[in-house]
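A quick write-up on the structure given underneath.
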Amino acid sequence: MTLAIVATRAGLGLEAPPVHVEVHLANGLPGLTLVGLPEAAVKESRERVRSALVNAGFDFPNTRRITLNLAPADLPKEGGRFDLPIALGILAASGQVPVEALEGMECAGELALDGKLRAVPGVLPFALATKAAGRTLIVPHPCADEAALAGKSLDVLPAGSLWEVVSHLLNQERIPPHRLSVPPTAKAPMADLSEVRGQQQARRALEVAAAGGHNLLFAGPPGTGKTMLASRLPGILPPLSEEDALAVAAVRSVCGLSLDEHWGQRPFRQPHHSASAAALVGGGSKPKPGEISLAHKGVLFLDELPEFSRHVLEVLRQPLETGEIHLARASHERRYPAQFQLVAAMNPCPCGHLGDPRQRCQCTASQIQRYQARLSGPLLDRIDLQVEVPALPPEQLTAQTEGEASSAVRQRVMAARERQMARGALNSELSGKALEAACALDDNERAWLAGVLEKLKLSARAYHRVLRVALTLADLQGEPKPTQPHLIEAIGYRQLDRLLKGG
């Protein structure tokens with residue numbers, strides 16, 4: 001037999017496209033040629049596979065001309081995951097493993113020089129795609145638990161070495177399918193809202209943001225609890241469904257991050273303000289998901305918002321609307337999920353004390369203008385709730401009474417979300433037509449609202465976001481539609497100019 005084909009998948013983003021490793025042995029000058037758009041790590045697999053086969057006790061066809069093709073040819077291949085399928089292809093082409101034994105199999109794994117298998121990143125998307133194809137998956141032992149997260153209908157065969165895989169294919173020593181003995185549970189504790197003292201308006205806005213999936217901006221002097229409040233948002237959001245938990249885990253898997261510590265929890269990502277646009281939205285020479293994809297189904301917290309580069313902030317505008325990021329480059333194209341809630345915090349001026357009764361602001365008018373101008377109007381238009389977080393009075397700061405616990409707030413949030421899902425989507429995701437129908441404003445309310453919009457110079461996008469927040473306020477109170485008090489409160493959350501000017 002001079003031709004063998006082994007099925008595997010490319011580790012490109014979350015898609016895991018299929019790859020067939022074709023091996024052809026022919027007479028002629030001895031040599032090994034690898035084609036199919038491999039990058040450096042894949043090209044180096046030739047030497048790893050050669051040494052692994054010899055040291056594991058197999059024959060390497062040194063006297064034959066070996067041609068390896070990774071099909072499709074126009075799909076870039078990267079990483080060490082192709083070592084195992086290449087080795088099995090050579091063994092099958094040289095008659096040491098029956099080709100029929102590879103049918104219905106997919107495999108991935110990096111080979112050590114002694115034939116042992118090493119873990120590779122991105123196994124969960126690989127496993128999900130293999131499950132959808134109805135095949136059996138062979139992976140290294142360290143990747144077995146991650147692959148088994150794809151579900152019980154997928155047979156995951158964990159192997160520690162090339163010899164174990166060959167023994168299984170030869171029916172000498174079968175590998176039993178791997179099953180998770182203990183379901184994954186989150187190990188990291190979540191911060192509780194009861195630790196926040198005072199700041200009732202900010203707490204209210206946090207609850208509204210959680211209930212409707214709205215974006216949120218905290219503005220106020222330093223040390224008033226903006227970061228503390230933002231970090232409590234995941235704790236009042238509903239737990240992830242199994243499908244969403246797998247989607248979050250798949251992103252972490254591609255990035256090589258642990259899946260155990262935060263399994264089933266809403267992500268909370270807090271990039272530093274020096275982060276680049278590629279770090280935030282993804283990409284790079286070896287494309288990977290960025291912070292907005294790591295925050296998928298969770299929270300992206302941008303502290304010191306005006307300190308971020310304006311160019312970096314502007315790249316958030318499209319993902320905030322579409323819920324995904326589409327990266328198009330000359331050499332590649334990727335799509336990553338990015339359904340996140342944006343929570344940001346900022347000071348009103350460079351020194352942070354504009355409007356602070358505790359300390360006088362030292363900034364000039366031009367400094368304040370330049371500082372605040374770093375935030376564009378289109379970006380602020382996409383932030384539904386803009387809330388002042390003032391300094392607490394000393395007696396409130398030192399009080400022993402705790403605030404309401406996250407568990408109690410979460411119950412109200414979940415009840416409000418149930419009402420929204422009965423309409424088909426969260427309020428932040430409703431289409432314009434569905435939003436208008438859900439709000440059902442009468443003629444008097446429309447006339448009053450039109451006058452307010454004209455006076456405040458709000459855009460059409462801001463108008464719809466006011467309706468969304470007002471609808472969420474009604475949902476929290478169990479009312480069928482928003483009324484004028486809800487609209488007034490929702491409009492109050494759009495007054496960033498007033499907040500930045502110190503009241």
Side-chain angles (χ1 to χ4, degrees), residues 202 205-206 208-219 226 230 233 237 267-271 273 275 277 280-282 290-326 336-346 372-388 420 425-432 434-436 439 453 456-473 487 489-500:
L206 202 67
V208 174
H214 304 291
N215 301 319
L216 174 62
L217 171 64
F218 289 129
K226 301 185 293 294
L233 179 55
L237 290 170
F268 182 82
R269 302 295 299 183
Q270 186 177 354
H273 59 75
L280 211 58
V281 302
E291 290 290 338
I292 63 172
S293 295
L294 287 167
H296 181 58
K297 298 296 181 180
V299 178
L300 176 69
F301 177 50
L302 301 184
D303 201 3
E304 306 295 344
L305 185 65
E307 298 298 335
F308 282 82
S309 163
R310 178 159 179 161
H311 167 67
V312 171
L313 294 179
E314 293 305 297
V315 300
L316 293 175
R317 287 161 52 178
Q318 183 182 7
L320 283 171
E321 295 287 344
T322 62
E324 68 172 8
I325 181 69
H326 178 206
Y336 298 124
Q339 294 178 2
F340 62 95
Q341 271 186 267
L342 175 64
V343 180
M346 64 175 292
Q372 296 178 0
R374 297 176 187 174
L375 306 181
S376 70
L379 177 62
L380 292 176
D381 241 6
R382 290 167 168 81
I383 300 179
D384 305 345
L385 306 169
Q386 301 162 6
V387 186
E388 182 180 12
Q420 295 170 52
L426 292 180
N427 291 337
S428 60
E429 301 169 357
L430 278 178
S431 66
L435 179 64
E436 296 277 0
C439 291
L453 294 175
L456 297 179
K457 307 298 182 185
L458 295 181
S459 67
R461 180 185 288 114
Y463 159 67
H464 283 101
R465 292 189 178 271
V466 166
L467 290 184
R468 296 179 196 280
V469 173
L471 187 56
T472 300
L473 293 169
L487 293 169
E489 183 177 353
I491 290 170
Y493 291 128
R494 305 292 305 182
Q495 302 303 296
L496 183 64
D497 286 344
R498 177 181 59 81
L499 300 182
L500 296 183

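Here the CD-CG distance, from Q341 to L320, works out to 11.0 Å after rounding to the nearest 0.5 Å. One finds the NZ atom of K226 at 8.5 Å from the CZ atom of F301 (value rounded to the nearest 0.5 Å). For the atom pair L305 CG and L379 CG, the distance stands at 6.5 Å (nearest 0.5 Å). Note that OG1 of T472 is 11.0 Å distant from CG of L467, once rounded to the nearest 0.5 Å. The structure places CD of Q386 at 10.5 Å from CG of N215, a figure rounded to the nearest 0.5 Å. Here the CG-OH distance, from L294 to Y336, works out to 10.5 Å after rounding to the nearest 0.5 Å.
The shortest heavy-atom contact between A490 and L473 is N-CD1, 4.0 Å. Considering all non-hydrogen atoms of both residues, A338 and H296 come closest at N-ND1, 3.7 Å. Between A277 and V312 the shortest heavy-atom distance is N-CG2, 3.6 Å. Between L316 and L302, the closest heavy-atom pair is CD1-CD1, 3.6 Å. Listed here is the closest heavy atom pair of F340 and P319: CE2-CB, 4.2 Å. Taking each heavy atom of A211 and Q420 in turn, the nearest pair found is O-NE2, 2.8 Å.
Using a 4.5 Å cut-off on side-chain heavy atoms (C-beta onward), L471 and L430 make contact. For the pair R374 and E307, the minimum side-chain heavy-atom distance is below 4.5 Å. In this structure, the side chains of L313 and S376 stay at 4.5 Å or more apart for every pair of heavy atoms. Put simply, the side chain of I325 reaches to within 4.5 Å of the side chain of S293, judged on heavy atoms. Under the 4.5 Å side-chain criterion, counting only non-hydrogen atoms from C-beta, V281 is not in contact with Q318. V387 has its side chain out of reach of L206: every pair of non-hydrogen atoms, C-beta onward, lies at least 4.5 Å apart. Looking at V299 and L342, their side chains never come closer than 4.5 Å, going by heavy atoms from C-beta outward. Inter-residue side-chain proximity for L300 and F268 is flagged as unmet; no heavy-atom pair is nearer than 4.5 Å.
The salt bridge (charged side-chain N to carboxylate O under 4.0 Å, His left out) search around E429 returns none, not counting sequence neighbours. Listed by chain and number, the residues in a salt bridge (charged side-chain N to carboxylate O under 4.0 Å, His left out) with D381 are R461, R494 (sequence neighbours excluded).
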*Would you please test L216 and V208 for side-chain contact (heavy atoms from CB on, under 4.5 Å) and show each step?*
CA-CA 9 Å; L216 174 62; V208 174; over 6 Å; no
*Can E436 and H464 be said to form a side-chain contact (heavy atoms from CB on, under 4.5 Å), step by step?*
CA-CA 9 Å; E436 296 277 0; H464 283 101; 3.9 Å; yes
_Worked verdict on R465 versus E321 for salt bridge (charged side-chain N to carboxylate O under 4.0 Å, His left out)_ = CA-CA 12 Å; R465 292 189 178 271; E321 295 287 344; 3.2 Å; yes
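Side chain of S428 to main chain of H214: no donor-acceptor pair is present (N/O by atom type, distance under 3.5 Å, no hydrogens or angles).
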